[in-house]
Protein chains: 2
Amino acid sequence: MQSGSQKTPRKKSPPARTSQEIFAQVRRDHAMETAEDYVEAVAKIVAQQGTCRGADLARHFDVSHVTVSKILTRLKAEGLLRARPYGPVELTDTGTRLASMSQQRHETVLHFLLAIGVDKETARIDAEGIEHHVSQATLKRFLAFLGQQPPPTSSR
Amino acid sequence: MQSGSQKTPRKKSPPARTSQEIFAQVRRDHAMETAEDYVEAVAKIVAQQGTCRGADLARHFDVSHVTVSKILTRLKAEGLLRARPYGPVELTDTGTRLASMSQQRHETVLHFLLAIGVDKETARIDAEGIEHHVSQATLKRFLAFLGQQPPPTSSR
DNA sequence: CTCCCATTGTAGCCATAGCTACAATTTGTC
DNA sequence: GACAAATTGTAGCTATGGCTACAATGGGAG
Ligand SMILES: [Mn+2]
Ligand SMILES: [Mn+2]
Ligand SMILES: [Mn+2]
Ligand SMILES: [Mn+2]
């Protein structure tokens, strides 16, 4: 009986990603990173202070208000948030959903790092970068490790 | 007895990173990401084929040879590798050291993901992005989880 | 020795994320 | 209400990592 390809043909093994596909996914992850961090920050600041201004974001990320302004223009065009000239920043429904997902994933990554014994300050730093590269499949393993139930979320 | 600041003053708690410091570190991590992936790829291709050409890198990352060419120019200027015009790419001593460290960290991250139950193809993808945000402290926890001894490495 | 093809280089473009300098607007305080 | 401070916008710059198009180089096959 020889069904699969080589040794122990137990589970169906997917067709082995090429390096091209791997780096393409990393590039896609990076392309979403700023959007995720910004909607997350807006949600957090709104929750804390009622409203979020561009200046709040500039302080939060420690970048110039010009950098914030340009990024907000892009995220507005992408339908994640809205803001009248000189007005405060608000999340759209799409932006709110992205913020919720990002927040949850961020928290899970942070708690996971703490659970494996990483000190709190290191965990906060590393989680901020790692989060954007954690797929749904890996997130489920993190949650399983934390002894919780994986919630019925979406794709990659 | 009231020594620390608040509840259970056991370990010395570091002064709590601000969001500004956290995002600064993530930006530093991103600034090193391309260099790390490139020296790692050069080392791998040299190990496999004896020499590494720009075209090999273009195939590896699935980008144009122009993108490779510009990045190689920068990494040459940074002293990580060297190459005569129309010649193959070679790592400098500095580049070789960076490649070794990156390879080890990459492998550790990959094996860690596999160890917590992430499927192999997902692990390969996620590790490629996560690796650049894993500090020495977190890497030690990964190694500890894998039941190995943390090697005497350097800083962050 | 040619000629072809793979490889590399160059010119010039785009998008993103940074910045400084300066202008305009809003807001808050007398 | 006027004025100062904070905030936002705009102009114009850099660096990085993408791209297409086209030119130059170099190694083999004949
Ligand atoms: Mn986040
Ligand atoms: Mn983040
Ligand atoms: Mn790598
Ligand atoms: Mn990588």
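Labels below follow one simple rule: chain letters A, B, ... track the order of the sequence lines, proteins then strands, and each chain is numbered from 1.
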Q) Given that Ser69(B) and Arg53(A) both sit by DNA chain C, which one's nearest nucleotide is further toward the 5' end? A) Ser69(B)
Q. Could you state the CG-C1' distance from Asp56(A) to dT26(C), rounded to the nearest angstrom?
A. 15 Å
Q) In whole angstrom, what separates Phe61(A)'s CZ from dC19(C)'s P? A) 13 Å
(Q) Side chains of Thr96(B) and Asp93(B): any donor to acceptor distance under 3.5 Å? (A) no
Q) In whole angstrom, what separates Asp29(A)'s CG from dT16(C)'s P? A) 17 Å
Q: Figure out the NE2/P separation between His132(A) and dT16(C), and round it to whole Å.
A: 17 Å
Q: Take atom OH of Tyr86(B) and atom C1' of dA23(D), then tell me their distance rounded to the nearest Å.
A: 8 Å
Q: Could you encode protein contacts along nucleotides 15-22 of chain D as a string, one character per nucleotide from 5' to 3', using B for base contact, S for sugar-phosphate-only contact and - for no contact, with a heavy-atom cut-off of under 4.0 Å?
A: -SBBBBB-
Q: Can you label the angle between the His133(B) ring and the His30(A) ring as parallel, tilted or perpendicular, going by 30° and 60°?
A: perpendicular
Q: Let me know the distance between CG of Asp37(A) and C1' of dG18(C), rounded to the nearest Å.
A: 16 Å
Q. Take atom NZ in Lys76(A); do more than 12 heavy atoms of anything else shown fall under 6.0 Å from it?
A. yes
Q: Answer yes if the side chains of Ser100(A) and Gln103(A) hold a donor-acceptor pair under 3.5 Å, and no otherwise.
A: no
Q) Would you call the rings of Phe145(B) and Phe112(B) parallel, tilted or perpendicular, where under 30° means parallel and over 60° means perpendicular? A) perpendicular
Q.
Does dG9(C) have OP1 or OP2 under 4.0 Å away from a side-chain N or O of Arg84(B)?
A. no
Q.
Whole angstroms only, please: what is the CZ-C1' distance between Arg28(A) and dA15(C)?
A. 18 Å
Q. Ring pair (Phe, Tyr, Trp, His ring centres under 6.0 Å) with Phe61(B): which residues, sequence neighbours excluded?
A. Phe23(A), Tyr38(B)
